[in-house]
**Student:** 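Handing you this structure, nothing more for now.
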Amino acid sequence: MASVFVFPPSLRALEEEQEDNRIRAQNPIDIAALRPSELEEFVKGTSFDLSDKELFCIEEQDVFDRVYSLIRGYNILPPSCKVNLLESLRSNLSVLLPNVDSLSRVSQGQDDVTQMLDRVASHRNAFKIYTFFLLTVVLSEESNITSNNNVKVTASTRKKHPKNTWNWEPQRGRILNLIANSLEIKLSLLFGSSGLEENYISFIAKNAFLLFENGTLLKDSDTKDALCRIIGACATKYQYMAQSCASIMHLLHKYDFAATHIADAVARAEKKYADGSLASSLIREIGRTNPKDYIKDTVGAENVGRFLVELSDRLPKLMSTNIGLLVPHFGGESYKIRNALAGVLGKLVAKAFKDVEGEVSSKCVRLRTKQAMLDILLERCRDVSAYTRSRVLQVWAELCEEHSVSIGLWNELAEVAAGRLEDKSAMVRKSALNLLIMMLQHNPFGPQLRIASFEATLHQYKKKLKELDPDTSSEGDKNRVPSDDNTSADSEVDDANAGVNKVQQESLSDSCLPHMEENIVQKDGSVPDVGNLEQTRALVASLEAGLRFSKGISATIPTLVQLMASSSVTDVENTIHLLMRCKQFQIDASEACLQKMLPLVFSQDKSIYEAVENAFITIYIKKNPVETAKNLMNLAVESNIGDLAALEFIVSALVSKGDISTGVISALWDFFCFNISGTTAEQSRGALSVVCMAAKSSTAVLGSHLQDIIDIGFGRWAKMEPLLARTACIALQRLSVEDRKKLLSNNGRRVFGILESLVTGFGLPANIWYAAADKAIAAIYAIHPTPETLASNLVKKSLSSVFDFSGGEELQDQITSVSTGMLTTVQVGKLSRYLFVVSHVAMNQLLYIESCLKKVQKQKIWKEKMDSDQNANNTPKENGINAELGLAASEDAVLDTLSEKAEKEIVGGGSTEKNLIGHCAPFLSKLCRNFSLMQKYPELQVSAMLALCRFMIIDASFCDANLQLLFTVVESAPSEIVRSNCTISLGDLAVRFPNLLEPWTENMYSRLKDASASVRKNAVLVLSHLILNDMMKVKGYINEMAIRLEDEDERISNLAKLFFNELSKKGSNPIYNLLPDILGKLSNQNLKRESFCNIMQFLIGSIKKDKQMEALVEKLCNRFSGDTDIRQWECISYCLSQLAFTEKGMKKLIESFKTYKQVLSEDSVMDHFRNIINKAKKFAKPELKSCIEEFEDKLNKLHLEKKEQEVTARNAEIHKQKISSMEGFGDTGKAGDASSESDITEGVETDGEVIDSCVEGMTEHVNDVSKSVSSESEEHSGASSELTESEPGDVEVQSAKTNIRGASKSKAKKSNMKEKDEQSKISASTRKSMRSKQR
């Protein structure tokens, strides 16, 4: 019998003796003992024999032994020997494969069957031996590479071992591809019709899967292709299905990288052999898996899910026929599998239903299947897991991008996406925003979505439809949208000018109705004819759907405004992107909403600033400079004060970056100078305002038009647009040093004359004058060389307009002699202006002193630096002497003293004789204390209090003297403007004189309770600024700020939320330390339960660290023992239920059981603990879960015991009350009728009950009372009907019963009523006394 080669379990097994006649290594050679030269000759000889002899020479024992010896010691072979050996084996196998195909031709020409069988056996042996040795080499080489990679190679070992020139990767790919080719030939000629040998196919498949576990190896495309072909052939062609499925599932569950490659292998097998059995088997295997298994194996669930999505992408039709096996997993708890199934459905909807071939019935089935998948996806938008909701929305976005969503489903999807904008999870909101962006980008209704345009067009076509079909009612066609059931899946809507043929259902293009908005309604009001009745109906239905979509997107604008204030960066970024897309499609109110993003430029998050900047550039910065200038100019005109500050910030940044070019600045000057026709005075002012913003980063832009600023800004146009003068004053402030010198030399006298007349004159309206005078005085102090001289003239002229005086000595007399009768309407207005001017001059004088001090200090530093550079050799010695004498420190002290003296002299506190402003200070204080006068003239009070606050900011002593007055006014002033101004001033005073304001902290917090929303808003802003900038410590009144979280004014509520969000980012989150105190104070206030819950939920949500959460558990539990009020218990337990419990936190709760066991009798408290337990069960591991269940049983048992004790105590108290009442009426009962008494007392001992025997002795007065309240007896009849459940050994205490025989019915009724009334009165007190006993 001829020898046969059988695949051994290992290479060394070939040396073992076998009973049957197998080819084995009988005389192996130890090549490690050979010298290098001998080894090289040995390899050359073996290679020569393999190439020179026949292909079957490998069967010869000598050749086989030599090849086996070389393969066994393969790792020690030098690279050249490896190449020779491998090339010989590979070339022999590659030549052998075509010979296998020729066996059928040779066998037909030979008559000798024996010879033919021997030839086939030789081919088979050679084929198996070559395959075995080549695969063994591959495995050996890969194992060697892996081991080398895992060992740390030191520098010394690198030097010892030179770089290996052996390039293995190409060899590996060629070998594996050769083995893959060997599986694709007709192997039945070698192995017979019975199929391949089990050990051969298992050896190939096992090693292929083993190689598949190496992720690095799969990066080589040749190797990967070969392995995929091997796996596909083994599983599909040679029916090695069960083992292959098991190996594939093992790979999926263990290796992250394998999913995509396995999907490639499965798809290639299906394509090559037209057999999807491998894919179907894998899907069935995944479908049969218990969904609970994926909860434990999260990595496996993710890999399996990725594999399913990849397989759906490659084999959509096959997957669609097997999807029913996977749908039940939507009910599983693993969100990763649900995510994957959502992705699978998305791939199937997009790819599995594109063909149009087949019968109508099969097409209907496919459409119904597709609709079922879409319904599942819509339903999963409300999945319990945020990850799944987010993934489903992403799938919908992909479907919109691929035009796979029909018009009939478009609006329903838009509504779902709009609803998800308010999802509690940031990732879901992000996906919803991206979905809406994608829906707008690929909408089937046209490039413009204005509601008015849609309505006009729809109205015209409805009239057209009515003309074509007068019998059709408008209601019948209302909201009609083409559906999948009555239209073709591949129909489409053409342009309106060309006529509408059919309504596209499955894939509407982006420009289905591209001209509908622009050209569909012609000048004469008619519309183009689109064809017959059905086509017109289809167009009307599409227009109605488009109108609904446009309205739906417009309705989301308020939500988008809220999202721009979100603490999540992704919310803000994606909201801005969506609003940009809305503006592109002309969605109503989108442009106004986009302007609200401007304040976000002040965000500390760089990505938000960049998003705002990019959006600003996209919307407002155009290629045409004139268009850009017009956009910026109109934006400046329409913006409020806050938006102007943001616009100034972003414009100055863009000018410095060069995004706003000089051409834009020139265009702005043209608008300002009225060089462009049609420019209005308001637009001119807007253009100058934008130029002033640009001057903040490039001051030179103003120098070229100084004369225009003076002539136009203060000329006749200023009368048409009063704010133009104010803007011109701002421009003067922004001038560069050179331009200021130029202005002073050429037009100085004129400019200061204009500014002086602007302040002291009455040419501007009262509401504009204050803003203009503010900037005019600031401009004087900015550009005048000695501004105090001009400012003194301003004060004098303003004063002379109010009082007639000839000198400074008469001023005080004039001021103090002012009475109420003298203050006419004109005088009040003038006095208000005077107080504004004098206070504003004083404030600017303070700023001027500080700026002069800074200049002196800069000059001093610069001079010291120059001296040090010039006298480098002598400086160390001189500096040492100066340091010893303290000269440098004394100079700084002198500067500080001078500065302090100058500041005090402003109000007059530092001089014996009061100055011009100082004379006004006592008058102002006296004026503000005249409350009757202030109440009569509210306008005067506004100016007076504002001036008083400014004087207080300047001078500490004046501040201290008038601080009580300020707080009196801020609390009692009838004008909310006055209270708002004073509240803002308190913030400035707290910064400048913190020690003076510290005792008044509680009064500052009390402004948060003001009746005016404006005052509360300013109080929130002021306190937020002080606390967040560490200018005020968070005192024990922070609970007042927390209450503002539920303020009726939404803006105040949002500001409070912003404050606590920012506070939580400071240090280790101060809210953690403040929370117990806030809880205690809020629970004692008369807050609505809903408000309290919302406040605490928000504050607890800002605590993110697990350690802080765990510590809060202990802190809150300890508060139970210190509180006796039920409301306090409920509040504490609610806060506990809002904590994000970790395993440690749950253990602390269980350990703290003694601190709160006394409160578990309350049902509301118990409900909160049940919520905690339910949440903990979701994340708990098996060990902790058992502890939680035991804890739950303990709580329930104690709760029932407490309830039983309460009922027992209540019944006992009732009995006690009844006994005392019986004793009280005992004497009266003795005086009654004897016969009645005997009748009543007959059943005293019946059934062991306590019998009331004193009913008859009640007086007539009680009878009257019983009649009057008899109607109420039924209300109290069940007040004490609760009894303890009778248990063995327990004594049951019941309410006393009255056995009446022969007594009147009125007496019996009176007695029962009395008992019940007493029971109802004591029921409330009993519970309290019981709790006190338990404590």
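One-based numbering along the sequence shown. As the structure is a prediction and not an experimental result, all values here were calculated from the model.
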**Student:** May I ask you to decide if Glu184's main-chain N or O and Lys237's side chain share a donor-acceptor pair within less than 3.5 Å?
**Tutor:** yes

**Student:** Does the pair Asp62/Arg66 count as a salt bridge with the N-to-O cut at 4.0 Å?
**Tutor:** yes

**Student:** For the residue pair Lys317 and Ser320, what are the closest heavy atoms and their distance?
**Tutor:** O-OG, 2.6 Å

**Student:** Can I get a per-line list of side-chain donor-acceptor pairs under 3.5 Å for residues 246-255, giving both atom names and the distance, sequence neighbours left out?
**Tutor:**
unit_1	atom_1	unit_2	atom_2	d
Ser247	OG	Gln243	O	3.0
His253	ND1	Asp297	OD2	2.7
Tyr255	OH	Glu213	OE1	3.2

**Student:** Are the side chains of Ile58 and Asn92 in touch, meaning some heavy atoms are under 4.5 Å apart?
**Tutor:** no

**Student:** Does Asp256 pair with Arg306 as a salt bridge, N-O distance under 4.0 Å?
**Tutor:** no

**Student:** Could you tell me whether Glu333 atom CD has more than 12 heavy atoms of other residues or ligands within 6.0 Å of it?
**Tutor:** no

**Student:** So that I can tick it off, tell me whether Glu197 and Lys128 are bridged by a salt bridge, with the cut-off set at under 4.0 angstrom between side-chain N and carboxylate O.
**Tutor:** yes

**Student:** Looking at every heavy atom in both Cys234 and Leu183, which two are closest together, and how far apart are they?
**Tutor:** SG-CD1, 4.1 Å

**Student:** Can you confirm whether Leu282 sits close enough to Leu311 that some side-chain heavy atom of one is under 4.5 Å from a side-chain heavy atom of the other?
**Tutor:** no

**Student:** So how far is it from Gln61 CD to Arg24 CZ, rounded to the nearest 0.5 Å?
**Tutor:** 7.5 Å

**Student:** May I ask you to check if Lys82 and Tyr74 form a cation-pi contact, with NZ or CZ under 6.0 angstrom from the six-membered ring centre and within 45° of the axis?
**Tutor:** yes

**Student:** Less than 4.0 Å between a side-chain N and a carboxylate O, is that true for Arg172 and Glu141?
**Tutor:** no

**Student:** Can you check whether Tyr68 reaches Ile29 side chain to side chain, under 4.5 Å on heavy atoms?
**Tutor:** no

**Student:** Answer yes when Glu398 and Arg391 have at least one side-chain N-carboxylate O distance shorter than 4.0 Å, and no when they do not.
**Tutor:** yes

**Student:** Taking the inter-plane angle between the rings of Phe133 and Phe64 on a 0 to 90° scale, is it parallel (under 30°), tilted (30 to 60°) or perpendicular (over 60°)?
**Tutor:** tilted

**Student:** Should Val138 and Trp168 count as side-chain neighbours, where that means a heavy-atom distance under 4.5 Å?
**Tutor:** yes

**Student:** Between Asn144 and Ser140, is there a donor-acceptor pair closer than 3.5 Å when you use the side chain of the first and the backbone of the second?
**Tutor:** no

**Student:** Taking the side chain as every heavy atom from C-beta outward, state whether Asp30 and Ser69 have any pair of such atoms under 4.5 Å apart.
**Tutor:** no

**Student:** Taking the six-membered ring for Trp and the single ring otherwise, decide whether the centroids of Tyr200 and Tyr238 are under 6.0 Å apart.
**Tutor:** no

**Student:** For a 4.5 angstrom cut-off between non-hydrogen side-chain atoms, does Ile230 reach Leu211?
**Tutor:** no

